[in-house]
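The structure appears below as structure tokens.
In each ligand, atom 1 is the first atom listed, and ligand 1 is the first ligand listed.
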Amino acid sequence: MQTLNETHDPALRSWLASANQAQTDFPIQNLPFAVFRRQGSAEAYRGGVAIGDQILDLAAVAASGVFSGAAAAAVHAATADSLNALMAMAQPVWSALRLALSRALREGAPEQAKLAVCLVPQAVAEYSLPAHIGDYTDFYTSVHHATNIGRQFRPDNPLLPNFKWIPIGYHGRASSIGVSGQRFPRPVGQTMPPGASAPSLGPCKRLDYELEMGIFVGSGNALGKPIAITEAEASVFGMCLLNDWSARDIQAWEYQPLGPFLSKNFASTISPWIVTLEALSPYRVAFTRPTDDPQPLPYLDSPDNSAQGALDIQLEVLLQTQTMRQQDQAATRLTHTSYRHAYWTVAQIVAHHTVNGCNLQPGDLMGTGTLSGPTLDEAGALIELTVGGKQPLTLPNGESRTYLEDGDAVVLRGWCEKPGAARIGFGQCVGTVLPALT
Ligand code: CA
């Protein structure tokens, strides 16, 4: 498990002024990765690191020859149009690059002149997916989400008996994952409304978002070789924001007995920036279970996981309807919660996914599942906030919502802050619902 080092020092300042502003998501203590190019250009997509309101172009850095050793090898791997080669490197290599970037971006660094010409403003950038995602697995690790959903179907017994023993998951679809800015048509599917005598095909009427974190696999494992929980975090490259859009009415009809299918695989949206686990180190918190809950089986348990396996990442969901956009009204907040409330940690997710020998590969994406906090106003999906569509939300401009309507844009944001540590953020993850295709 990573500990704090000189790159986390909250007193560090960059020679780039915008990185020193109190509310920036991207101070010198963060240094997240994305794949980008200038908007509307024919440039090749390549890796970049966020610093203040700029992107450090890693292809330009590689050409400059500023770094040497493991950091130079890592920069070279990040010049491609996906970060898979960088992700395939071992954690010490990622860490060497982080240290080299931190030192070269600090006030007074001799590399300033050479790196200043490698900056591209975020305001003129466009992003692609940060990795070629071979496989996508979605988990269900929030006990509050599972309980809120379960209560709607089984008021007396909301939580199924396996939940507190297994990090529940299912295999999702990688091909329809898009980067922030994704716009997709409302899905069409087969539904069976209550009281109907036969199902029919039509546009989804209960379209929802899901507030999740994405976990990008780094080095992975060979087929047949499980990753022990003590090694699990070293195999993870970093985390992003993830909106796992869901068609609740399609899901309700199709999911038994094999689970969600077309209700989930029409679109999933991630933020462009991947924040490394090393950057998140100051925000580790203890992973605890109520004493009368089952304690994790040995393969899901370790002293480090108990002491600091959870992460205090603050998360929020905002909604901007088409009317709000037309009237220049800002998105309105629906939810504020923290990843710390999850029932299973990143390390437990990785250890469980591989315990049967399943191989994870560089660039694979895992979703945490909808992250809801202990109270209903911390819920990470509309199905919870509106109690299954029965209690509409009233928005500040007088509009109301049970589920998403055409033109709605959903914004996810994430950040970490506390006294004694630098505030770091994930940027945002935006997706917009378009009318169904006819
Ligand atoms: Ca999900």
Side-chain angles (χ1 to χ4, degrees), residues 133 135-153 158-160 162-163 166-180 182 184 187 189 204 206-217 239-256 258-271 313 315-317 334-335 337-339 341-346 348-350 352-353 364-373 378-386 388 403-404 410-412 414 426 429-431 433:
I133 301 169
D135 277 301
Y136 166 46
T137 309
D138 195 26
F139 282 83
Y140 193 58
T141 64
S142 166
V143 69
H144 306 296
H145 173 68
T147 303
N148 291 341
I149 296 288
R151 190 177 288 124
Q152 295 182 15
F153 300 98
L159 208 60
L160 292 170
N162 59 1
F163 184 90
I166 299 179
I168 303 289
Y170 72 98
H171 285 303
R173 180 88 192 161
S175 65
S176 53
I177 300 173
V179 75
S180 182
Q182 185 174 24
F184 62 91
C204 168
R206 305 180 81 192
L207 182 61
D208 203 350
Y209 57 79
E210 291 192 333
L211 169 64
E212 302 196 18
M213 299 292 303
I215 300 162
F216 268 103
V217 174
M239 301 183 74
C240 64
L241 303 168
L242 165 62
N243 185 343
D244 188 42
W245 306 94
S246 296
R248 304 295 183 195
D249 46 354
I250 297 172
Q251 183 176 353
W253 172 233
E254 75 173 1
Y255 87 108
Q256 300 186 65
L258 291 186
F261 181 43
L262 301 181
S263 55
K264 299 280 190 175
N265 68 6
F266 55 93
S268 310
T269 311
I270 62 172
S271 58
I313 301 170
L315 299 166
E316 66 178 8
V317 180
L334 302 183
T335 290
T337 186
S338 168
Y339 180 43
H341 301 303
Y343 199 80
W344 300 101
T345 65
V346 172
Q348 289 169 325
I349 284 174
V350 171
H352 183 68
H353 202 314
D364 283 358
L365 181 68
M366 295 181 287
T368 57
T370 306
L371 295 171
S372 297
E378 292 179 76
L382 286 173
I383 189 172
E384 294 165 77
L385 292 173
T386 68
Y403 291 95
L404 296 171
V410 175
V411 182
L412 310 185
F426 285 77
C429 171
V430 186
V433 180

message: Closer than 4.0 angstrom, basic N to acidic O: yes or no for Arg151 and Glu384?
response: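 Salt bridge absent between Arg151 and Glu384.
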message: Aromatic contact between Tyr170 and Phe139, with the criterion being ring centroids under 6.0 Å apart: yes or no?
response: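 Aromatic pair excluded; centres sit 6.0 Å or further apart.
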message: Is the distance between the ring centroids of His145 and His341 under 6.0 Å?
response: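 No, the ring centres sit 6.0 Å or more apart.
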Under 3.5 Å: donor-acceptor pair, side chain of Gln348, backbone of Thr345: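 Flag set: sc Gln348 to bb Thr345 pair under 3.5 Å.
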message: Give me the atom names and distance for the closest heavy-atom approach of Ala379 to Leu385.
response: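 The answer is CB-CD2, 3.8 Å.
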Phe261 CZ: over 12 foreign heavy atoms closer than 6.0 Å: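 Result for CZ/Phe261: open.
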- request: At a cut-off of 3.0 Å, list the protein N/O/S atoms near the Ca ion (ligand 1), residue plus atom name.
  value: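 Short answer, with waters excluded from the count: Asp138 OD2, Glu210 OE1, Glu212 OE2, Asp244 OD2.
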